[in-house]
Amino acid sequence: MATVRKAIIPAAGLGTRFLPATKTVPKEMLTIVDAPIIFYVVEEAVQAGIEDIFLIQGRGKTAIEDFFDASYELEDRLEKDGKTYLLDRLLKIRSMANIISIRQKQPLGLGHAVLCGERVIGNEPFAVLLGDEIMLAQSGKPNATQHLVNLHKANQSTTVAVMNVPERDVSKYGIADLSAISEGYFKVKSFIEKPSIAQAPSRWAMPGRYVFSHDIFTFLKEAKQSLAGEIQLTDSMNELAKQKDVFASTFSAERFDAGDKLGYLKANVELALRNSELKDDFSKYLLELAQRIKG
Ligand code: UTP
């Protein structure tokens, strides 16, 4: 029985929704409270039992791999100053997992980014976590990736996270046509990338957490570029679903599209309210602000 030990985190996109900040700072390195977006994504993978993480990076994105590397000068200074809490945090980050960088030479789409990991994944199932989406697990519940890994243990097939979105948002996501197996668990009939409302078979959208069997690579290699010159992951998933069992599941985590300005701001507020150092003063401020806005 194949277990999921590896994950690909695509982080090589151009981040145009966040310009001008992303002209020089990778979107995945934008800060949520006191750590970059990518930290929360890697943390989720590690908590799900992933041992090897392949970060797909593009030009100008080396700050991401530096973040997970040692910083001897800084560590030395923190040790001398007795700032053990901060030192422990830095040491923990650099030993979180085996983090391996892979270069996507051109941002040719999410499907292409995943295909960049083919050689290192080999014949194993693997998780994919989008590098700009934060999923905050509910306490005592498995996180979104862990949930998919658990389902994969039982079904040994590609399994993806889905969530219900309002009709006006279907054109922003890959959408799945599903048939229910049990509460929140489905067999996938087909997928379509960013359909119009008229084309959409449902309102079940893919938020960016997947566990794939390695045969997805067969379809990614055969995939044709879209009109925009990209290889769409959703198109290859649709081909896979025609030939193999593919499953989908809802999840209990709270999701933030931190690559989008509003999602990013919400993630900052939500995580600040969970931060023991900030939550009292910050919630007081938010209540005062709400009063002021109300007039
Ligand atoms: P997005 O479509 O959200 O990223 O891809 P983007 O292209 O950077 O965003 P905008 O629309 O221009 O603002 C989801 C994830 O896939 C990665 C991105 O870095 C992001 O984490 N990605 C996307 C790649 O790694 N390579 C690509 O070619 C495209």
Side-chain angles (χ1 to χ4, degrees), residues 7-32 35-45 53-65 67-68 99-118 120-121 126-135 144-145 160-161 163 165 169-175 191 193-195 205-210 212 216-217 220-221 223-237 255-267:
I8 291 178
I9 301 185
L14 295 177
T16 52
R17 281 172 295 164
F18 244 115
L19 282 169
T22 44
K23 189 176 170 202
T24 48
V25 179
K27 165 175 65 173
E28 297 78 5
M29 287 302 291
L30 296 176
T31 306
I32 307 282
I37 296 170
I38 193 86
F39 165 78
Y40 299 96
V41 181
V42 167
E43 190 179 46
E44 178 188 332
I53 294 177
F54 301 98
L55 279 177
I56 311 297
Q57 299 190 158
R59 230 186 316 281
K61 294 241 178 176
T62 48
I64 302 178
E65 60 188 80
F67 177 77
F68 291 102
I99 300 199
I100 300 117
S101 297
I102 295 178
R103 190 81 166 221
Q104 185 188 20
K105 291 184 185 125
Q106 271 181 290
L108 293 178
L110 184 56
H112 181 260
V114 172
L115 186 56
C116 288
E118 186 198 3
V120 290
I121 294 293
F126 62 102
V128 170
L129 298 84
L130 296 194
D132 59 353
E133 302 242 347
I134 294 180
M135 299 277 196
T145 299
V160 302
M163 61 182 188
V165 295
D169 286 345
V170 293
S171 60
K172 296 182 188 162
Y173 293 93
I175 298 289
F191 293 105
E193 178 66 7
K194 299 193 172 98
M206 290 187 284
R209 293 296 185 266
Y210 319 76
F212 286 108
I216 187 67
F217 290 123
L220 283 171
K221 279 191 286 192
K224 295 199 174 62
Q225 289 185 354
S226 68
L227 285 179
E230 295 195 339
I231 294 179
Q232 301 290 356
L233 181 59
T234 309
D235 293 347
S236 297
M237 290 170 66
R255 172 214 177 234
F256 299 93
D257 179 2
D260 167 80
K261 278 176 242 179
L262 186 60
Y264 173 79
L265 292 171
K266 286 181 182 173

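Start at 1 and go down the list; that is how both ligands and their atoms are numbered. For clarity, every value in this text was computed on a predicted model and none was experimentally measured. Counting begins at 1 with the first residue of the sequence.
Using a 4.0 Å heavy-atom criterion, the residues that approach ligand 1 are Pro10, Ala11, Ala12, Gly13, Leu14, Gly15, Thr16, Arg17, Lys27, Glu28, Gln104, Pro107, Leu108, Gly109, Leu110, Ala113, Leu130, Gly131, Asp132.
Looking only at distances, a side-chain donor or acceptor of Tyr264 sits under 3.5 Å from a matching main-chain atom of Thr31.
Between Phe126 and Phe217, the two ring planes are parallel [angle under 30°; tilted spans 30° to 60°].
Considering only residues two or more places apart in sequence or on other chains, Lys261 meets the salt bridge (Lys or Arg N to Asp or Glu O under 4.0 Å) condition with none of them. Take Tyr210 and apply the side-chain hydrogen bond (donor to acceptor under 3.5 Å, both in side chains) test, not counting sequence neighbours, and it matches no residue. Residues that satisfy the ring-ring contact (aromatic ring centres under 6.0 Å, His included) test with Phe39, not counting sequence neighbours, are absent from this structure.
Of the charged side-chain nitrogens involved, none lies within less than 4.0 Å of a carboxylate oxygen, so that Lys172 and Asp260 do not count as a salt-bridged pair.
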